[in-house]
Each structure stands twice: as C-alpha cells, then as structure tokens.
Protein chains: 2
Amino acid sequence: MKEQGKLRSERKYPCEKCPLASRDVFRKFKPKELDFVSRFKRGELFVDKGATVLAEGTRNPHLYTVLIGWGFRYKLMSDGRRQIVNYVLPGDLIGLQGTLMDEIQHSVEALSPMTLCVFERGELMSLYREHPELAYDVTWLASREECMLDENLLSVGRRSALERLAYLIAFLTSRARAVGMFNGTATLPITQQHFADTLGLSLVHTNKTIRKLIDRKLVRWRDGGCEVLDADQLAELSGWDPSNEGSRPFI
Amino acid sequence: MKEQGKLRSERKYPCEKCPLASRDVFRKFKPKELDFVSRFKRGELFVDKGATVLAEGTRNPHLYTVLIGWGFRYKLMSDGRRQIVNYVLPGDLIGLQGTLMDEIQHSVEALSPMTLCVFERGELMSLYREHPELAYDVTWLASREECMLDENLLSVGRRSALERLAYLIAFLTSRARAVGMFNGTATLPITQQHFADTLGLSLVHTNKTIRKLIDRKLVRWRDGGCEVLDADQLAELSGWDPSNEGSRPFI
DNA sequence: CGTAGGATTGACCCGACTCAAGTTAAGTGG
DNA sequence: CCACTTAACTTGAGTCGGGTCAATCCTACG
C-alpha cells in the first residue's frame, strides 16, 4: 500500500469552478446549494497512481467525490484473492458506506493520478436536513452504484469469459465517455491483472481472451492500456445494452 | 410470470402495529415519523409464492418494504440465463432503483407468500423534505444493499464452488436470523436452481457441491428446503465473517 | 394413478486454471 | 551508455473444476 496523497485545504478547484460542473451530463446546482456544498467541502486530496484512497476495515471520517482520474474499488480475501467490484470515475461519490456503516468494507486504489473533493462525514446529516434535494441526489448515486453492481454480478455469474471481457470494456468506455474522459480514441488505463480481478478470471486466461478480441480487431493493446476500437461491437458481443443515462447529479 | 398479488388499501398491519417494529434489530420511529410513514403508506400487497413483485424493464410507481416472507432479486439475459443478485427479507426496501432511474433493471419474485407495505414513489421527495432522518435511513438501506452486493460479487468472482455455497447459506441464515425468521432450526425455502443461479454455477454442479456439505453434516435437505446444521462452520469454510450489524433502520 | 417440479447420478467434455518460461518495456544506478 | 531490476505481457503444456447431456428417482398433488 503506497502512502496517502496530499490533503490540502486551499482550493485549486473552488466549487464555483468545479471541473465537473462544466460537463453536460451533470445537473447544475442552484446558488444556495452551491453555497452549501462549498461549505461542506473540506479540501482536496491529490493522490498518485497506485495510492490507496480508502482501506477496507478502517474508519474514515471523509466522503469523497472524484474530480479527476480513475480508480477502482475492491475487496481482498485473507489469502490474497482480490475481487474488483467496480471502478470510480469523475463524479462518483466514494466512502458513503464508511459514513453509514461502522467500518468500510472495501478499498479504493487510484489507477491514475487522482484529484478528489473531500467532505466531512459528520456533516452529512446537516446536508440531509438543509438540502433535501441534495440528499435525494446522494441516494440517487447510491442507487446507481447498486445498479452497476447488479450488472457486474450478472456478468461474472452468467457470461462467458469473452462476453464478460467485452462487457467490461464496453461498460468502462461508456462510463468514461459519459463524463467526457476521451476526446478521440478511448484508452483504458487498466492492466490485464485488473481485468482478471474484475472478471473473476485468472491472469493467463484473461490474456488469452484479450487476444481473441485483438484478433477480431475490437481492441488493441497500447502503452500498457487497452485501446477500444469498436465499443458498439463489444457491447453487442456481450449482450449488454449501454442505455445512456440522461442528466445526473453529483455532490 | 404468475399474476400479481392483491393490493389492498385497508390495513391488516397499520404502522402502529407494524410487525417489524417489534423486532429488536430495527430502530424505533419517533411519533412524528410514525405519523408520516403512516400517511406515506398506500396499502399492503399480498403475493403468492412464485409471483413476480417487480418486473425488469417496467416503470413501477411504488416502493415496497417487505413485512413478511422471502423473495429474490434477479436479472435475465435475452437467452434466458438468470442471475440472482440478492435476496429480500423483512425490513428490506425494494423498488428504490425504479424510483430514481427511469425503468427498473431487475425483477423480484416471491419465494414464499409475501406481505409488502406499499408506498407511492412520488411521495419520496416529500419524505426527504419533511423527515431528513428517514431520508438518511433510505440511504442507509441503499448503502447496505451495496455492501451485500460487493460481498456477493467477491463470492462469485473469487470463491470456489464449495466456498461460495457455504458463504451463501451462512449469509442467508445470518440475515434471516437477524430479523427473527427462525425459532429453532433454520430452513431456507430455496431450491437448488436458486442456489445455482445465485452462485453462477450449473444446477448439476450445485447439486454435487451440496452433497459435499451434506456429507460433512453442515446442512440437510428437507421438504424442498435447505436445513442449516452448522452456520458457524459454513461461514468459516467460506472465509466469511458474519459481523452482525447492530440496530438498523427501516421505512 | 398420472403428472410435474425438483433432486440425483453417471459419463464425458471443455473452458479456465496452474505451472513454467519467456519476452518486452520502462526505469535506475554505476 | 550499459547492466540490472521490476512490472507487465505472452505463450505452451498439462490438469481439473465445473459444464452439458441424459437418465432416473422422488414426492406432492390433482
């Protein structure tokens, strides 16, 4: 586990200039809400690639919203087996479980340098009291996560290795595009080990399955990342319908 | 798909006599909250075993809290493959996804006769406005669901067939006991097909795996259900820690 | 007594795992 | 600039867990 990143209380990204707000997918705050969120915000966290943002089994007094970068959420078994349960992208709220439960039950690691917006968990109740619409948004985000997990579970439980992989790539591409992470070609900053640990497959078999997608010219391997050549075909191959969400909230 | 159950607006279980309230696990309502929830409640739904409570791809104007009975939440692929993503027990809130997203992305089917408390989805926002504590509880429930899904995903992705099965049985037993569903011995009202579809295994292999647990005298098969003989051993076998939650909310 | 949904079992096969050896590419320090 | 290290990616060989197919059995129920 690499060391924690830097927590700063000065603002590189004050809420009025939130890099998320400029994205069309996200709904806009009302002035009062912006005001509240601005006070709710405690600072910014900058972490390097590979850093642990949140650790399983700890109590963390913070809630985070991802502003920039990629990360993944995972669980470990005592003998070292790892299951990645989901990925986190800009706009995602993390640490909610830790706020409501006692200890957090999963870890989060950065896949790229990340910038996160830090909130005080103790303040969450006052958000609920003063801004029911924002509270509703928090629930919306939790519900959306649940929806993604359902889909991931379907994938790991019932799809073949090739379908699973195709689904995962299409899913991540779709999510990342939705928040404007790619200009032209999509390249996922993910190693084959990450794929394997997400799909419930071994590294070796994952590699061989990726080869099949490469042979079909659906993806390419570049600079230690996966370049997506045809996301639509991938989605179709997996039997997944990437129904794009409309506008969505964030905190 | 069997027909829907009966929706009644007269109250067999008025909120003041909610069968959940008497269970110690659930937190108590304040008088004002009870009052609100009582108005929020639209009626009661009684469904038979095998009935579909919620159907994937539909818009459902209701939210439900399970009062009595077992059910399961699942997703289907177009070729018929089924993945059960979780089970629903008394105290569980279902249909929240349908309230926040457009269409619901999963179905719910009754494993036993069920009684559900019906709420109007349109009223949810007023709950958020008038009772922040209850809103917080809704989020808590969503977050708890997320936590269970993470664990299920770990199981399907990384545990062996025997471990998975042991985990599932221990998990369900623990949940059901927590809400006081068993007096003495625990018997899960679940067929081997359900187990298979939860674990991501074939029916045949599930059967053979159950046999191993029977040989170890950890479970027994009775009356078309699974009688749990040693939940602790099962949990240990699977490497799962059934850390019991303390008091919890419900709506 | 017939039927149907579940549970069981055996035979056979294949998808995915493990083990083992590389290869490649990107540092890093002398 | 080169030797060394390390992380990530490849590939082949052999094995095995779990899948499929096909019967068969049990038991509740009409």
Side-chain angles (χ1 to χ4, degrees), chain A residues 1-2 48-51 72 77 79-84 109-112 155-166 168-169 187-215 219-227, chain B residues 1-2 48-51 72 77 79-84 109-112 155-166 168-169 187-215 219-227:
Chain A
M1 190 189 304
K2 297 198 183 176
D48 289 335
K49 175 175 167 173
F72 62 95
M77 292 180 64
D79 61 3
R81 281 177 279 180
R82 179 174 76 169
Q83 178 66 38
I84 296 179
E109 185 178 318
L111 276 172
S112 70
S155 198
V156 176
R158 286 300 177 212
R159 284 193 246 253
S160 71
L162 193 66
E163 289 171 331
R164 263 183 250 189
L165 183 61
L168 178 59
I169 296 171
T187 302
L188 308 173
I190 293 180
T191 70
Q192 302 192 355
Q193 186 67 64
H194 292 123
F195 275 122
D197 286 348
T198 309
L199 301 172
L201 297 173
S202 72
L203 177 59
V204 173
H205 193 64
T206 300
N207 178 282
K208 287 169 183 169
T209 308
I210 288 174
R211 186 125 310 278
K212 290 182 191 170
L213 291 186
I214 293 175
D215 291 345
V219 302
R220 209 157 36 160
W221 216 258
R222 301 265 284 202
D223 311 326
C226 173
E227 181 179 334
Chain B
M1 191 189 303
K2 298 199 183 175
D48 288 335
K49 173 175 168 174
F72 62 94
M77 292 180 64
D79 61 3
R81 279 176 280 182
R82 179 173 76 167
Q83 177 66 38
I84 296 178
E109 186 178 316
L111 276 172
S112 72
S155 198
V156 176
R158 288 298 178 214
R159 284 194 246 253
S160 71
L162 192 66
E163 288 171 332
R164 264 183 248 190
L165 182 61
L168 177 58
I169 296 171
T187 302
L188 309 173
I190 293 179
T191 70
Q192 301 193 355
Q193 186 67 64
H194 292 124
F195 276 124
D197 287 347
T198 310
L199 301 172
L201 297 172
S202 73
L203 177 59
V204 173
H205 194 64
T206 299
N207 178 283
K208 288 170 182 168
T209 308
I210 288 173
R211 187 125 307 280
K212 289 183 191 171
L213 291 186
I214 293 175
D215 291 345
V219 302
R220 210 158 35 160
W221 216 258
R222 300 265 283 203
D223 313 323
C226 174
E227 182 180 333

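Chain naming here is simple, since letters A, B, ... match the order of the sequence lines and numbering starts at 1 in each. It should be emphasised that the depicted structure is a prediction, and the values quoted were computed from it without experimental measurement.
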TODO: Evaluate the side-chain contact (heavy atoms from CB on, under 4.5 Å) criterion for residues Asp223(A) and Thr187(A): first the C-alpha distance (whole Å), next the side-chain angles of each, then the deciding distance (0.1 Å), finally the verdict.
DONE: CA-CA 9 Å; Asp223(A) 311 326; Thr187(A) 302; over 6 Å; no

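- Here Arg159(B) contributes atom CZ and Arg164(B) contributes atom CZ; the two are 10.0 Å apart, rounded to the nearest 0.5 Å.
- Across all strands, Gly200(A) comes closer than 4.0 Å only to sugar-phosphate atoms, never to a base (heavy-atom distances).
- Atom CG of residue Leu201(B) and atom CG of residue Asn207(B) lie 11.5 Å apart, to the nearest 0.5 angstrom.
- Backbone-only engagement by Thr191(A) is indicated by non-hydrogen atom pairs under 4.0 Å involving sugar-phosphate atoms exclusively.
- Comparing dG18(D), dA11(C), dC17(C) by their closest approach to the side chain of Ser202(A) singles out dC17(C).
- Taking every heavy atom of both residues into account, Gln83(A) and Thr198(A) meet most closely at NE2-O, 3.0 Å.
- The interatomic distance linking Arg220(B) (CZ) with dT8(C) (P) rounds to 14 Å, in whole Å.
- Of the candidates dG18(D), dA22(D), dC9(D), dG18(D) carries the atom nearest the Leu201(B) side chain, counting heavy atoms from C-beta on.
- Residue His205(A) contributes atom NE2, which lies 13 Å from atom C1' of dG18(D) at whole-angstrom precision.
- In this entry the distance linking CZ of Arg159(A) with P of dA16(C) reads 14 Å, nearest Å.
- Rounding to whole angstrom units, NZ of residue Lys208(B) and C1' of dT9(C) are separated by 6 Å.
- One atom, CG of Leu199(A), and another, C1' of dC17(C), lie 15 Å apart when rounded to the nearest Å.
- Here the closest non-hydrogen pair linking Lys212(A) and Leu162(A) is CB-CD1, 4.0 Å.
- In this structure, Gln193(B) does not reach the dA7(C) phosphate: none of its side-chain N or O atoms is under 4.0 Å from OP1 or OP2.
- Here dA16(C) is the nucleotide among dA7(C), dA16(C), dG10(C) with the atom lying nearest to any side-chain atom of Arg164(A).
- Distance CG (Asn207(A)) to P (dA16(C)): 14 Å, rounded to an integer number of Å.
- Counting to the nearest Å, the P atom of dA8(D) and the CD1 atom of Ile210(A) are 13 Å from each other.
- Heavy-atom distances to DNA chain D give each of Val204(B) and Thr209(B) a nearest nucleotide, and the one nearer the 5′ end belongs to Thr209(B).
- Between Gln192(A) and the phosphate of dA7(D), there is no side-chain N or O to OP1/OP2 separation shorter than 4.0 Å.
- Here dG6(C) presents its P atom at 18 Å from CZ of Arg211(B), a figure rounded to the nearest Å.
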